[in-house]
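Numbering of ligands and ligand atoms starts at 1, following listing order.
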Amino acid sequence: MTVPAARLFDLLSLRDVTLRNRIVVSPMCQYSADEGRATDWHLVHWGQMLQSGAGMFCIEATAVTPEGRITPGCLGLWDGATERALGERLARARRQAPAMPVALQLAHAGRKGSSARPWEGGALIPAEAGGWTPLAPSAVAYADDEAAPLALDAAGLVRLVAAFADAARRGVAIGIDALELHMAHGYLLHEFLSPLANRRDDAYGGSFDHRIRFPLAVFDAVRAAWPANRPLGVRVSATDWVDGGWTLEETIDLARRLKAGGADWIDVSSGGVSPKQKIVLGPGYQVPFAREVRRATGMTTMAVGLITEPRQADEIINAGDADMVALARALLWDPRWPWHAAAALGGTVNGPQPYWRGLPREAATVFGDARVRQR
Ligand SMILES: Cc1cc2nc3c(=O)[nH]c(=O)nc-3n(C[C@H](O)[C@H](O)[C@H](O)COP(=O)(O)O)c2cc1C
């Protein structure tokens, strides 16, 4: 039996942005911002991820308004101060690393806002303890023992559409190459999609067409504010893993509409809207959703979730289950994962010049024809 050639290191073009390979650094909250402003932790972390050899780095969920942060430590992009903090540190990190497209995930936490950082327990922080009142489609709490969020009124919806578009424009100003709109994991846009969180009886709740209306309005506003030559993707939860919740069929229908509206990729995750979810975990557990969405829509698709091994990642691309793989925890564990995948599969990555001498003999070609000499 012949082993198919590795595809993980194939180029991929998304509008004017070219990925050197199909590995994407999945967005990962760092909970290390100061009033939404990036800090030197971001400089260090981004520097590491930009040296990873991935095809694209996606910056963490970035809130479009202060109350849209998940925790007080979440990153924001809503005013001049947050724009400057993010832009300056990103520019510094990029100057010290090989070129790599940088995406940013635009987000609003919805009813999951005002949470403690995970290492502080992650619970809802009441307003009197320094938190804030989260906003949501409906005044329905995430968990039964939690206070209900405030349901957004018509003016609130208009304000949030504008906030997403403003953040996209700020992203242009600081050189972000691609945007990903966060419609997954039980945050605001997913809350509109899911009947578990959306109990509205106006034009934004009830039927499928009503539930997708606000997320699509945000998508259209961001697409209009974002340059035509730069890609825009969307992360979705393919299922709520709860009876009576959002389904794969609805995800496929939504994906078709996003594609028609100019979405460049669909990033297929799952869950997050309800503590009652029953997730069946295992290696690549969300890949079958990516496969279904890709087959049904023909969209450029990203698979994510427990993709940890180079051959596993390559098989996902080779089998046509997805066009890109996003890795999160594996890249925290091993920030050089793409180098090691290149060594295992015969690919190449851009290595930083000061590290060129570090390649072991069996991986001598991982940086392509990089050569060093000394006297
Ligand atoms: C520390 C950490 C922070 C995360 N932050 C985000 C985020 O900002 N946005 C998002 O969509 N997913 C976030 N996730 C989920 C990951 O992007 C990814 O979907 C999930 O961890 C499954 O992939 P993995 O098995 O490769 O870790 C986060 C995960 C981790 C571990």
Is [X] salt-bridged to [Y], going by a charged N under 4.0 Å from an acidic O?
X: Arg294; Y: Asp323; answer: yes
X: Asp334; Y: Arg336; answer: no
X: Arg159; Y: Glu67; answer: yes
X: Arg169; Y: Asp166; answer: yes
X: Arg257; Y: Asp253; answer: yes
X: Asp220; Y: Arg223; answer: no

Could you tell me the residue and atom name of the protein heavy atom closest to [atom], and the distance to it rounded to 0.1 Å?
atom: atom 6 (C) of ligand 1; value: Pro27 O, 3.0 Å
atom: atom 9 (N) of ligand 1; value: Gln105 OE1, 2.7 Å
atom: atom 10 (C) of ligand 1; value: Arg235 NH1, 3.3 Å
atom: atom 2 (C) of ligand 1; value: Met28 CG, 3.8 Å

Item to complete: Verify the distance criterion only: is there a donor paired with an acceptor across the side chains of Arg20 and Thr348 at less than 3.5 Å?
Response: yes

Hey, is ligand 1 close enough to [X] that some N/O pair sits below 3.5 Å?
X: Ala326; answer: no
X: His182; answer: yes
X: Cys29; answer: yes
X: Leu306; answer: yes

Worksheet, complete the sentence: Judged by heavy atoms only, the candidate from Ser237, Ala328, Cys58, Cys74 nearest atom 16 (C) of ligand 1 is Ala328

Fill in: Phe289 and Trp241 aromatic centres sub-6.0 Å
yes

By number and element, which atoms of ligand 1 are closer than 4.0 Å to a non-hydrogen atom of [X]?
X: Leu327; result: 26 (O)
X: Val304; result: 18 (C), 19 (O), 23 (O)
X: Gly305; result: 22 (C), 23 (O), 25 (O)
X: Arg329; result: 21 (O), 22 (C), 24 (P), 25 (O), 26 (O), 27 (O), 31 (C)
X: Ser26; result: 16 (C), 17 (O), 18 (C), 19 (O)
X: His185; result: 10 (C), 11 (O), 12 (N)

Item to complete: Could you list the residues that satisfy salt bridge (Lys or Arg N to Asp or Glu O under 4.0 Å) with Glu315, not counting sequence neighbours?
Response: none

Worksheet item: Is there any ring-ring contact (aromatic ring centres under 6.0 Å, His included) pair reaching into residues 58-80, and which pairs are they, with sequence neighbours excluded?
Response: none

Worksheet, complete the sentence: Any heavy atom of Gln30 under 4.0 Å from ligand 1? The part involved is neither

